[in-house]
Amino acid sequence: MTRRALLLVLCLVLSGCASVQFDLPTEVERGDTTDPTFGDSTRNPTQGTGQTASEGAIADRSNPWGESVVTVAINTSANSDREYREEVQQALDYWEANSEQYAGYAIQYELVPDAESPDLIVNFVENVESCPRVEHAAGCAPYITNANQISRPMHIDVDDSFSSDSTVHIIKHELGHTLGLNHSSAPQSVMSSQSSLASRPMTDATDRDLPWADADLTVYIGQTSEQNEREAVREQVEHALDYYADGAEDTVPSNVSFTFTDNRANADIVVEFPDELPCNPSSSGSCGGIRGTDPDQDGALEEYERLTISISGVDTDAVGWYVGYWLGYGFGLDESELAPPFQDASVRERQSDWWE
């Protein structure tokens, strides 16, 4: 399943009494994500061709299915509550309109979901296991180039966890294999071995009790400008972590725990002390950034993967308050849902023993 990563950045700036700015644009990170892979059951899938959607090899061959209409049935898993008739029909209509151009011959389909003797069955499954050489396949189909390869009924497997539009795309792709098209064939918008797909709608992270995959979160503390401040800074961070481990006045689940790590790359929460704030270089205060995944591609994160807290130009005895403020954000809380110490706190209150 495609995991589209997003980085959401907010800023808390000090200027007399600090104010919160929630109007920064969303940035999208894509470099560390892996797209799902399509597969065919008779050959290893090719890697990305680098061709545009309109490019790719054009086939020129006779119809291995014969001149008769190809009857297509649908089979769903026992746990599925979806019918898929509309999605399958859209994919069949696409190839009826385009097979002659791209496969070299015309094809006609008849969709009969419960047909007793179909030529082709589209199976919707929880996990595609019919392509053993392909990991995380979204679909799998036989690569058919001549009539000798056809033993009716032929089968296409499709992962049933994707959205309606993505499901149509997967079926189109796998039907292309049954027409003799491989991953270097045109149209690349359909036949490329990789594609960005959306899951079915999922609960947003901010609507879940715990927006993380695990309640045991690892924390990394970056270098401070003054090495002799490090012990005091760590103590401040510990106050914030302990406060949330105790439930933060019932604003977070009771099973949350934290452990420190020296490995920044593997940390869930990173507390860093840059010379300038990434969200507002000219100001003192803090920034909070959340990275996570958006598998249903609705523009909202469904699971958090990394909280980065940047603190610059604040007194050491206020560091814990800033960490605590952004931890609330990292648990999906909005301003009105934060624990009392983090709502409308004055500069003096931020420097107090607010955790007691």
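Note that the structure is a prediction, hence the values are computed from the model and not measured.
Here the side chain of D268 pairs no donor or acceptor atom with the backbone of R306 at under 3.5 angstrom. In this structure a side-chain-to-backbone donor-acceptor pair under 3.5 Å is present from Q188 to S185. Judged purely by atom type and a 3.5 angstrom limit, S166 has no side-chain atom pairing as donor or acceptor with the backbone of S163. The main-chain N or O of A205 is never found under 3.5 Å from a side-chain atom of Y304 such that the two would form a donor-acceptor pair. Using a distance-only test at 3.5 Å, with no hydrogens or angles considered, a donor-acceptor pair links the side chain of E174 to the main chain of A141. Of the possible donor and acceptor atoms, none in the side chain of S195 sits under 3.5 Å from a partner among the backbone N and O of L197. With hydrogens and angles ignored, the 3.5 Å screen pairs no side-chain donor or acceptor of D159 with any backbone N or O of G139. Put simply, the side chain of E305 never gets that close to the backbone of G292: no donor and acceptor are under 3.5 Å apart. Between the side chain of S99 and the backbone N or O of Y105, at least one donor-acceptor pair lies under 3.5 Å. A donor-acceptor pair under 3.5 Å is absent between the side-chain atoms of R350 and the main chain of D315, judged by distance alone.
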With a cut-off of 3.5 Å and sequence neighbours excluded, list every side-chain donor-acceptor pair involving residues 88-96.
from	atom 1	to	atom 2	distance (Å)
Q89	NE2	D93	OD1	2.9
W95	NE1	K172	O	2.8
E96	OE2	Y109	N	2.7

Which atom pairs, one a donor and one an acceptor, fall under 3.5 Å between side chains of residues 270-279 and the rest of the protein, sequence neighbours left out?
from	atom 1	to	atom 2	distance (Å)
E272	OE1	R264	NH2	2.8
E272	OE2	S310	OG	2.8

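Scanning both residues, A106 and N63, for their nearest heavy atoms gives O-ND2, 3.3 Å. Annotation for W355 and S352: closest pair CZ3-O, 3.6 Å, computed over non-hydrogen atoms. Between D119 and V69, the shortest heavy-atom distance links the atoms OD2-O, 3.6 Å.
Ring-plane geometry between F124 and Y84 is classed as parallel, the angle between the planes falling under 30 degrees on a 0 to 90 degree scale with a further cut at 60.
Shown here is D209, whose CG atom has no more than 12 heavy atoms of other residues, nucleotides or ligands within 6.0 Å. Remark: Q108 CD is loosely packed, at most 12 non-hydrogen atoms of other residues, nucleotides or ligands lying under 6.0 Å away. Within 6.0 Å of atom CG in D262, 12 or fewer heavy atoms from other residues, nucleotides or ligands are found, so the atom counts as exposed in its surroundings. Counting heavy-atom neighbours within 6.0 Å of D334 CG, excluding the residue itself, gives a total above 12. For E83, the CD atom is loosely surrounded, since the number of other residues' heavy atoms within 6.0 Å does not exceed 12.
With sequence neighbours excluded, no residue forms a ring-ring contact (aromatic ring centres under 6.0 Å, His included) with H155. Residues that satisfy the side chain to side chain contact (heavy atoms under 4.5 Å, CB included) test with Q343, not counting sequence neighbours, are L338. Scored by the side chain to side chain contact (heavy atoms under 4.5 Å, CB included) test, N146 finds N148, Q149 as partners (sequence neighbours excluded). Applying the ring-ring contact (aromatic ring centres under 6.0 Å, His included) test to Y243 and every residue at least two apart in sequence or in another chain returns F342, W354.
Note: Q223 CD to E229 CD = 12.0 Å, rounded to the nearest 0.5 Å.
Aromatic ring centres of H177 and H173: separated by under 6.0 Å.
Looking only at atom types and distance, the side chain of S184 has a donor-acceptor partner in the side chain of N182 under 3.5 Å away. Between the side chains of S282 and N280, at least one donor N or O lies within less than 3.5 Å of an accepting N or O. Residues Y325 and E335 have side chains that bring a donor and an acceptor to within less than 3.5 angstrom of each other. Side-chain contact, E303 with T293: no donor N or O sits under 3.5 Å from an acceptor N or O.
Judged by the 6.0 Å distance and 45° axis criteria, R234 is positioned over the aromatic ring of F260.
Proximity of T218 to N266: side-chain heavy atoms (C-beta onward) are nowhere separated by under 4.5 Å.
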Note to self: Evaluate Y322 against W326 for ring-ring contact (aromatic ring centres under 6.0 Å, His included), listing each step before the verdict.
What the structure shows: CA-CA 6 Å; Y322 283 95; W326 289 114; 8.7 Å; no
Notebook entry, point to check: Is there a side-chain hydrogen bond (donor to acceptor under 3.5 Å, both in side chains) between D204 and T206 once you walk through the steps?
Noted result: CA-CA 5 Å; D204 294 341; T206 53; 5.1 Å; no
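For the side chain to side chain contact (heavy atoms under 4.5 Å, CB included) criterion with C140, the lone passing option out of I156, V158, N123, V128 is V128.
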